[in-house]
Structures are given as C-alpha cells and as structure tokens.
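One structure below.
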Amino acid sequence: MPSVALVLGSGGARGNVHIGVIQALQEQGFDIVSISGCSMGAAVGGMFAAGKLDEFTSWITGLSRFDVLRLVDMSLLSMGIIQGEKVFAKLEEIVGDIHIEDLPVRYTAVATDLVKQQEVWFQSGPLLEAIRASVAVPGLIMPVRERHRFLVDGGLLNPVPISPTVADQADLIVAVNLNGQSKHQRTVQRPDLNRDGASDEWIMPDAVKAGEPMSNHMKWSKVDMFDRCFETMQATLAKYKSAGYEPDVEVRIDSSACGSQEFHRAAEMIELGRKATLKALQYEELL
C-alpha cells in the first residue's frame, strides 16, 4: 500500500474524526509518514506522531458532558474565555516533554501570527507548545503570546494545511476537511475513467454526516453563533487553499456533524471518521 502524507484540518470537537481516519488508514495498510495539522488536527496528529494516540483516544472517549465542563477553566482576561491549563496538563501527562524534531513521524503544526498576519509552521521545538498555539481559537482559548508574535488557531488562515506536506516523500496526500457542505456538491471532470475517450462528469461524494445533527439554529447561543461564523470562514478558505494544493484523497465531514464544543461525542466522531475514510478511499479506487 502507498505511503501517506496526512493533513488534519481544523474543526473543534469534530477533530475527533481524525482518530478514526488514522485508524482506518492503518487498518488498510497505509503507511503514514508525515502529518500536518491545525487546531484539533494538530493535537490528534501530535498524539499519533508521538506514539500516544491510543492513550489519548482512551482518555477522550471516556469524557462525559460533565467531564468536559470540568475541564473548562475560565479566564478573567479579555483575550480568551478559556485558559486551557487543565486540558494541557492532561496532554502533558499523556505525551510528556517531547520535541517535534525527535518524533518518528515528520510533523507540522500550523498556527497564525496575528502581528505579522501570516501562517507559522512548527516543525521543531516542544510539541505541546506547538499544539497550544495551533488550538488557540481567537476570543475563546487564550492565545500564545511571545515577544514578537501573537499566536492563535492555524485555521484562521489555513484550515486544511496541505502546503506543509507537498515536499514530503509520500505517494499520496490525504486531507481531512471538517467543514464540508453536503448540500453543495461539486462536479469534476474524470476523462481518465472514460474508455471511449469522451469527457464524463462525476459527482464528488457528499460530506459525511453523523447520526445526530447540530442543534437547531433558532436555539443558537452566542458561542454557537461565533462557532458558525468561524466555520463559515474556514469552509471558504479551505476551498481556495485546496485549489492551489489539491490532495489525492479528500475526506469530507459535514460541518453540522458535531458542534465544535461537543467533545463528549468523541466515540461517535471516531466512527464517523472511519466510515468517511473508507468511503473516500473506495471512491478513489484505492481499496
């Protein structure tokens, strides 16, 4: 089976889908040789690269709704509602103090520098510091402040960071887009599949949904509204970014599959990721 450069996109709690994607790829014999991720994609990808995905999965699938609420440590500062110290204490317990350059898998965490208004690629240095910068959703999770940089969620500029993997020595680039829109299918020309030499239109498979839709929009809270604004921006950015660097396989998850803070639904999202990956691989005739 081919080697894979895996791109794990931004999407809050939907990012637990990435665990199922990795499981499905490994079960099918694919060799994941590099990972690029932002936000939750950086977190899951980092756990995998460090060889700690099983421990991380065991922890996050055991979280109830109440457990998730207990992990929320409110901040008194205006730059973020959540400090994130409780979560990162647990991640440190799982993964320890490890540096990116010491990982057995090539790894890139993508963040955004608000001072220079540009992407920041973490390819060396402490793994948890890179993840912390990449997951800092503006206005929600405390940003990482340095002397010359102000770092927040990489999804602000590149929600599906394919570009860091382009130079990697892999047979395939597999990208996971957590902000898919199932109601807006797109057609692509696949003349290579037409034996008569004519150009046929093929419909890209719908973004895969979970069994339980996100709550009705008439009942959205302020946080829900913020999430949807951020997700709408990310969905548009992902389209433009993928036009420049198109993956060989795209796993698309509908943005309504799970609310960005519904981390208690991890097991459901993992299973969704497994199914969506198998569907995407079958569509590309790789299985």
Side-chain angles (χ1 to χ4, degrees), residues 1-37 39-41 44-45 48 53 57 60-61 159-162 165 170-194 200-214 231 234-235 238-239 241-243 245-260 262 265-287:
M1 281 289 188
S3 59
V4 168
L6 184 59
V7 182
L8 304 178
S10 173
R14 285 193 305 284
N16 286 310
V17 160
H18 298 319
I19 299 173
V21 172
I22 291 171
Q23 290 176 349
L25 288 172
Q26 289 188 307
E27 288 168 4
Q28 295 301 321
F30 290 89
D31 181 21
I32 302 172
V33 298
S34 73
I35 287 183
S36 172
S39 196
M40 190 62 175
V44 172
F48 171 77
L53 187 60
T57 302
I60 204 160
T61 53
V160 187
I162 298 172
T165 67
D171 298 314
L172 295 171
I173 295 177
V174 177
V176 186
N177 182 356
L178 300 179
N179 292 289
Q181 302 294 321
S182 63
K183 294 182 179 179
H184 301 287
Q185 296 172 319
R186 61 187 178 95
T187 59
V188 293
Q189 296 296 322
R190 296 290 295 272
D192 55 304
L193 299 181
N194 189 334
D200 288 341
E201 275 194 343
W202 292 74
I203 303 294
M204 289 294 288
D206 286 350
V208 180
K209 295 183 177 181
E212 179 185 343
M214 197 174 68
E231 289 166 3
Q234 288 182 320
K239 292 177 184 178
K241 291 286 187 177
S242 63
Y245 298 101
E246 190 168 347
D248 298 293
V249 178
E250 183 184 34
V251 179
R252 297 170 63 222
I253 304 298
D254 194 280
S255 61
S256 67
C258 174
S260 66
E262 295 182 310
R265 296 175 61 189
E268 180 186 350
M269 290 299 103
I270 292 170
E271 183 60 25
L272 179 63
R274 292 169 60 89
K275 291 179 179 178
T277 303
L278 294 175
K279 179 178 180 180
L281 292 173
Q282 289 169 351
Y283 177 80
E284 296 294 342
E285 300 183 345
L286 294 173
L287 294 182

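Only a predicted model underlies this, so the values are computations on that prediction, with no experimental measurement involved.
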Calculate, to the nearest 0.5 Å, the distance between atoms [atom1] and [atom2] belonging to [X] and [Y] respectively.
{"X": "Leu178", "Y": "Arg252", "atom1": "CG", "atom2": "CZ", "answer": "12.0 Å"}
{"X": "Leu278", "Y": "Leu25", "atom1": "CG", "atom2": "CG", "answer": "8.5 Å"}
{"X": "Gln23", "Y": "Gln28", "atom1": "CD", "atom2": "CD", "answer": "12.5 Å"}
{"X": "Asn179", "Y": "Asp254", "atom1": "CG", "atom2": "CG", "answer": "9.5 Å"}
{"X": "Leu172", "Y": "Leu281", "atom1": "CG", "atom2": "CG", "answer": "8.5 Å"}
{"X": "Asn177", "Y": "Arg14", "atom1": "CG", "atom2": "CZ", "answer": "9.5 Å"}

Look only at the side chain of [X] and the backbone of [Y], and say whether a donor-acceptor pair between them is shorter than 3.5 Å.
{"X": "His18", "Y": "Gly9", "answer": "yes"}
{"X": "Ser36", "Y": "Pro161", "answer": "yes"}
{"X": "Glu262", "Y": "Gly259", "answer": "yes"}

How close do [X] and [Y] get, counting heavy atoms only, and between which atoms?
{"X": "Leu272", "Y": "Ala257", "answer": "CD2-CB, 3.9 Å"}
{"X": "Ala170", "Y": "Val33", "answer": "CB-CG2, 3.9 Å"}
{"X": "Ala5", "Y": "Thr165", "answer": "CB-CB, 3.9 Å"}
{"X": "Ala266", "Y": "Asn16", "answer": "CB-ND2, 3.6 Å"}
{"X": "Ala280", "Y": "Val251", "answer": "CB-CG2, 4.0 Å"}
{"X": "Leu53", "Y": "Phe48", "answer": "CB-CA, 4.0 Å"}

query = With a 3.5 Å cut-off and no angle check, do the side chains of Ser3 and Asp31 form a donor-acceptor pair?
reply =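 Result is no, nothing qualifies.
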Side-chain heavy-atom pair [X], [Y] within 4.5 angstrom cut-off:
{"X": "Val44", "Y": "Val17", "result": "no"}
{"X": "Ile35", "Y": "Leu8", "result": "yes"}
{"X": "Ile32", "Y": "Ile22", "result": "yes"}

Within residues 17-30 or reaching into it, pairs that qualify as salt bridge (charged side-chain N to carboxylate O under 4.0 Å, His left out) - sequence neighbours excluded =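 As it turns out, the salt bridge (charged side-chain N to carboxylate O under 4.0 Å, His left out) pairs with a partner in residues 17-30, which skip direct neighbours, are Glu27-Arg274.
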key: Thr277 and its side chain to side chain contact (heavy atoms under 4.5 Å, CB included) partner, picked from Val174, Val249, Val176, Val21   =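 Among the candidates, only Val21 passes.
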